[in-house]
**Q** 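Shown below is the structure under consideration.
By convention here, the first residue in the shown sequence is residue 1.
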Amino acid sequence: MASNRELVDMLDEVWTSTAALGDGLDESEWKQPSECPGWTVQDNLVHLTALERFILGDPLPTEDVPDDLPHVKNDIGKANERWIQSRRSWSGADALAEFRAATATRIEQLRALDDSGFAADSWTPMGPGTVADLLRFRIFDSWVHEQDMRRALDRPGDVDSAAARHSLDMMVGVLPYIVGKKAGAPEGSTVVLALTGPVPTTAAVQVVEGRARPLDPAPSDATVTLTIASDEFARLACGRSEPGEALVTGTVTVDGDVELGREIVRQLNYMF
């Protein structure tokens, strides 16, 4: 597990990469739709700024959010949308300036923390946790939305950085839940997920006594093996691509128990 200082370094790196991406974009590029439902390139950046501004003490904007937006699923989604709506009339350059100012202040604050500061209680999207727990999520969230922006602009990058590896580790870590709970793999099943580049990773799960558990090393004769590029796996896990399309196009290949493998792929869309 990354140290507290390494977490701050990763957050700084992904924010620096995102800011550099924004340099020189024209307004049509800022307003380009992204794969994140309902959001433009600029909206993704504003979302990243929003939580940091909230932590810095800014109140939640009061803009009305329509009740029928299909991409708003819950109260957190509605709060996110209030920030987005409050900056919709801004230029991309202004949104980027706000992002740079907020993230610079946050990095300065985080670098000043000692171990007790990182261990302090904190809200996180997954429930109560610590400041370090929140940082792990912020790295993940920031990298995912940076990739949303990059795909919309056809400017690939930051796909094999420390932040990318951290984010993929978080997504791969959910595999036991996907295999056991969502896909309902039968007792004794072994599942291998083989991620090819940009970040090659292999993870395995076995169902024992009704529960899916990590398995190391990965078996050579797994019940099913799924093979997919790491960046495409991230798109699937974050709801940016459709499982059925990934199966049809061969983006993901299934070896072994095809029926079980296809069901697992269908359930990989767990964050949407």
Side-chain angles (χ1 to χ4, degrees), residues 34-37 70-71 73 126 136-137 139-141 143-148 150-152 154 156-272:
S34 75
E35 287 183 341
C36 186
H71 60 281
K73 310 290 187 182
M126 293 75 70
R136 292 183 184 95
F137 175 80
I139 296 162
F140 167 78
D141 191 48
W143 182 80
V144 167
H145 288 291
E146 180 199 4
Q147 295 306 308
D148 287 330
R150 288 186 175 280
R151 285 192 298 272
D154 195 22
D158 198 22
V159 291
D160 59 356
S161 63
R165 294 174 185 277
H166 167 88
S167 302
L168 284 160
D169 283 347
M170 286 186 67
M171 288 181 259
V172 170
V174 184
L175 187 62
Y177 169 73
I178 299 297
V179 170
K181 188 76 171 178
K182 299 201 72 177
E187 182 71 18
S189 299
T190 52
V191 176
V192 171
L193 174 65
L195 301 185
T196 60
V199 181
T201 303
T202 299
V205 168
Q206 183 175 26
V207 180
V208 179
E209 296 180 353
R211 297 193 64 179
R213 296 179 171 87
L215 180 63
D216 188 27
S220 58
D221 57 347
T223 306
V224 61
T225 298
L226 308 176
T227 305
I228 184 172
S230 60
D231 52 350
E232 291 296 337
F233 171 73
R235 289 183 68 222
L236 263 180
C238 295
R240 282 16 177 203
S241 63
E242 291 295 329
E245 182 179 355
L247 287 164
V248 169
T249 59
T251 298
V252 57
T253 60
V254 179
D255 294 301
D257 186 332
V258 173
E259 183 177 349
L260 175 59
R262 287 177 174 270
E263 180 58 22
I264 294 169
V265 171
R266 284 190 286 268
Q267 299 300 332
L268 284 177
N269 239 187
Y270 71 96
M271 288 189 61
F272 182 61

**Q** Can you name the closest pair of heavy atoms from Gly197 and Ala229 and give their distance?
**A**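 Of all heavy-atom pairs spanning Gly197 and Ala229, the closest is O-CB, 3.4 Å.
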
**Q** Only one of Glu232, Glu146, Glu35 clears salt bridge (charged side-chain N to carboxylate O under 4.0 Å, His left out) with Arg151; which?
**A**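 Exactly one option meets the salt bridge (charged side-chain N to carboxylate O under 4.0 Å, His left out) with Arg151, and it is Glu35.
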
**Q** Could you grab the distance from atom CG of Asn269 to atom CZ of Arg240, nearest 0.5 Å is fine?
**A**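 Going from CG on Asn269 over to CZ on Arg240, the span is 10.0 Å.
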
**Q** Find out whether Ile228 and Thr253 are in side-chain contact, i.e. whether some heavy atom of one side chain is under 4.5 Å from a heavy atom of the other.
**A**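 Result no, sub-4.5 Å side-chain heavy-atom pair not found.
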
**Q** Could you grab the distance from atom CG of Asp231 to atom OG1 of Thr251, nearest 0.5 Å is fine?
**A**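 Those atoms lie 10.0 Å apart.
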
**Q** Between the side chain of Gln206 and the main-chain N/O of Leu215, is any donor-acceptor distance below 3.5 Å?
**A**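 Looks like no, no N/O pair under 3.5 Å.
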
**Q** Can you tell me if CD on Glu259 sees more than 12 non-hydrogen neighbours from other groups inside 6.0 Å?
**A**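 Open: at most 12 neighbouring heavy atoms sit under 6.0 Å from CD of Glu259.
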
**Q** Any sub-3.5 Å donor-acceptor pair from Thr190's side-chain atoms to Thr223's backbone N or O?
**A**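 At least one qualifying donor-acceptor pair exists.
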
**Q** Please report the interatomic distance CD1(Ile264) to CG(Leu226), rounded to the nearest 0.5 Å.
**A**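 Atom-to-atom, Ile264:CD1 and Leu226:CG are 5.5 Å apart.
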
**Q** With a 4.5 Å limit on heavy-atom distance, are the side chains of Ser189 and Leu260 in contact?
**A**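 Ser189 reaches Leu260 side chain to side chain.
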
**Q** Any side-chain heavy atom of Asp255 sitting closer than 4.5 Å to one from Val192?
**A**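 When only atoms from C-beta onward are counted, Val192 and Asp255 do not touch, as no gap falls below 4.5 Å.
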
**Q** Do Thr202 and Leu193 make a side-chain contact, defined as non-hydrogen atoms from C-beta onward lying under 4.5 Å apart?
**A**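 The answer is no; the side chains never approach within 4.5 Å.
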
**Q** To check you understand the geometry: which heavy-atom pair defines the closest contact between Ser34 and Ala152, and what is its length?
**A**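 Smallest heavy-atom distance, with atoms named: CA-CB, 3.9 Å.
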
**Q** Kindly check if the number of other-residue, nucleotide or ligand heavy atoms within 6.0 Å of CZ (Arg213) is above 12?
**A**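 Yes - once you tally the heavy atoms of other residues, nucleotides and ligands closer than 6.0 Å, there are more than 12.
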
**Q** Does the side chain of Asp158 come within less than 4.5 Å of Gln147's, by heavy atoms?
**A**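 Gln147 reaches Asp158 side chain to side chain.
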
**Q** Going by heavy atoms in the side chains, are His166 and Arg136 under 4.5 Å from each other?
**A**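 The answer is yes; the side chains approach within 4.5 Å.
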
**Q** Return the minimal non-hydrogen interatomic distance between Val159 and Val199, and the atom names on each side.
**A**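 Smallest heavy-atom distance, with atoms named: O-CG2, 3.3 Å.
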
**Q** Shortest non-hydrogen contact from Ala163 to Ile139?
**A**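 It is CB-CG2, 3.9 Å.
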
**Q** Is the shortest heavy-atom distance from the side chain of Val172 to the side chain of Leu195 under 4.5 Å?
**A**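 Answer yes - side chains close enough.
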
**Q** Kindly say whether Phe233 contributes a backbone atom to a donor-acceptor pair with the side chain of Arg235 at under 3.5 angstrom?
**A**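 A pair under 3.5 Å: no.
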
**Q** Could you grab the distance from atom CD of Gln267 to atom NZ of Lys181, nearest 0.5 Å is fine?
**A**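 Spacing of CD (Gln267) from NZ (Lys181) equals 12.5 Å.
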
**Q** Can you give me the closest heavy-atom contact between Gly210 and Glu187, atom names plus distance?
**A**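 So the two residues come closest at N-OE1, 2.8 Å.
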
**Q** Without hydrogens or angle criteria, can the side chains of Asp148 and His145 be said to hold a donor-acceptor pair below 3.5 Å?
**A**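 The criterion, which ignores hydrogens and geometry beyond distance, is satisfied for His145 and Asp148.
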
**Q** Are any non-hydrogen side-chain atoms of Arg262 and Leu247 less than 4.5 angstrom apart?
**A**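 A side-chain contact under 4.5 Å exists here.
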
**Q** Which atoms form the tightest heavy-atom contact between Val258 and Val254, and what is the distance?
**A**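 Nearest heavy atoms, Val258 then Val254: CA-CG1, 3.9 Å.
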
**Q** How many angstroms lie between CD in Glu245 and CG in Leu236, if you round to the nearest 0.5 Å?
**A**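 The CG atom of Leu236 is 9.5 Å from CD of Glu245, to the nearest 0.5 Å.
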
**Q** Nearest 0.5 Å, please: how far is CH2 in Trp143 from CZ in Arg165?
**A**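 If we round to the nearest 0.5 Å, Arg165:CZ and Trp143:CH2 are 11.0 Å apart.
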
